[in-house]
Amino acid sequence: MELSIRNLSKTYSNGVHALENVTLDIPAGMFGLLGPNGAGKTTLMRTIATLQEPDSGSVHFGEVDVLSQKLKLKKLLGYLPQDFGFYPKESAFSMLDQFVLLKGVQDRKERKAKVEELLQRVNLWEARKQKLGTFSGGMKQRFGIAQALIGNPRLIIVDEPTAGLDPAERLRFHNLLSEIGEDIVVILSTHIVDDVSDLCPAMAIINKGKIIHHGNTLDAIRKLEGKIWEREIHKADSSLYQERYRVLSSRLFAGHTFIRILHETNPEDGFLPVPATLEDVYFFHLKN
Ligand code: ADP
């Protein structure tokens with residue numbers, strides 16, 4: 001099943017245009033929605049999850065008209081919001097048991113089996129008796145995925161899932177996401193470029209409420225291959241290079257400043273060719 005978004009617009013009462021005519025087709029598999037803070041990602045995710053209404057436009061998931069058939073969509077949806085509430089004094093097992101009950105599984109044995117399967121799947125079985133309030137950021141996110149997986153959803157939305165995770169937790173979370181299944185639509189909304197480049201064969205970039213790029217992740221990187229150049233500079237010369245070249249990004253490495261530029265041919269001038277990355281694609285479109 002595919003998610004098809006057409007001409008979605010939303011202006012908040014304070015006049016902020018959070019979504020402007022967003023049109024996007026999202027196929028099965030992992031899809032990355034990448035954009036800076038305030039770009040409109042959460043607004044888009046919450047609209048798809050039927051938690052808020054757009055001003056205009058439509059969303060279809062397969063045959064389901066998302067905006068008018070909310071209950072139908074909810075049965076197919078697993079949602080891991082940016083901040084999700086749970087009771088800190090509840091154990092992982094009992095909280096999940098209650099979520100499964102809320103999804104309509106009345107039979108205790110069936111519920112127990114489901115909870116066990118989910119906790120095993122997200123690698124939290126050992127911690128099942130631990131109170132949720134004592135969980136690390138990574139454990140909380142994996143618990144969030146367990147609750148999102150109840151009811152075998154066909155569409156999974158995860159909003160900013162790795163913000164605040166340490167590298168090991170992030171890796172574990174990535175592995176978990178990558179195992180979810182290729183026939184399900186999984187939307188990963190994030191401002192972290194590496195999350196998308198690690199996991200998502202297809203992606204879109206959103207900025208100021210508009211989709212500014214959409215397509216195959218590797219194709220987008222390949223298009224810039226051979227055109228990305230890097231060199232170390234003196235920090236004071238930064239604006240000089242900004243004037244002379246199309247600077248995509250500037251980073252510090254071991255206290256030294258390096259800039260990356262887009263240039264069709266060898267610019268000489270001390271620059272060395274480097275492999276293109278998704279971050280180059282991101283800044284190329286963001287700074288267009
Ligand atoms: P992101 O998830 O990419 O950070 P959001 O969808 O949260 O972006 O926000 C998009 C824009 O809409 C931002 O400028 C934000 O301040 C604004 N915004 C979000 N929610 C509201 C709201 N309830 N009322 C007014 N403005 C909002």
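The residues of the chain are indexed from 1 along the displayed sequence. Counting convention: from 1, in listed order, for ligands and their atoms alike. This structure is a prediction, so every number in the text was calculated from the model and none was measured.
- Protein residues lining ligand 1, listed by chain and number: Y12, N14, V16, A18, P36, N37, G38, A39, G40, K41, T42, T43 [non-hydrogen atoms, distance under 4.0 Å].
- Nearest heavy atom pair, residue A148 against residue Y79, reads CB-N, 3.8 Å.
- The ring-ring contact (aromatic ring centres under 6.0 Å, His included) test applied to Y245 returns H263, F271, not counting sequence neighbours.
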Give the table of side-chain donor-acceptor pairs shorter than 3.5 Å for residues 11-32, with sequence neighbours excluded, one pair per line with atom names and distance.
residue	atom	partner	partner atom	Å
T11	OG1	H17	ND1	2.9
Y12	OH	T43	OG1	2.9
Y12	OH	Q52	NE2	3.0
N14	OD1	V16	N	3.1
N21	OD1	N7	ND2	3.0
T23	OG1	N7	N	2.9
D25	OD1	R6	NH1	3.4
D25	OD1	R6	NH2	3.0
D25	OD2	R6	NH2	3.1

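- Qualifying salt bridge (Lys or Arg N to Asp or Glu O under 4.0 Å) partners for D183, counting only residues two or more places apart in sequence or in other chains: R154.
- Salt-bridge check for K112 with E117: failed, with every basic side-chain N at 4.0 Å or more from each acidic carboxylate O.
- Salt bridge status for K41 with E160: present, with a side-chain N to carboxylate O gap under 4.0 Å.
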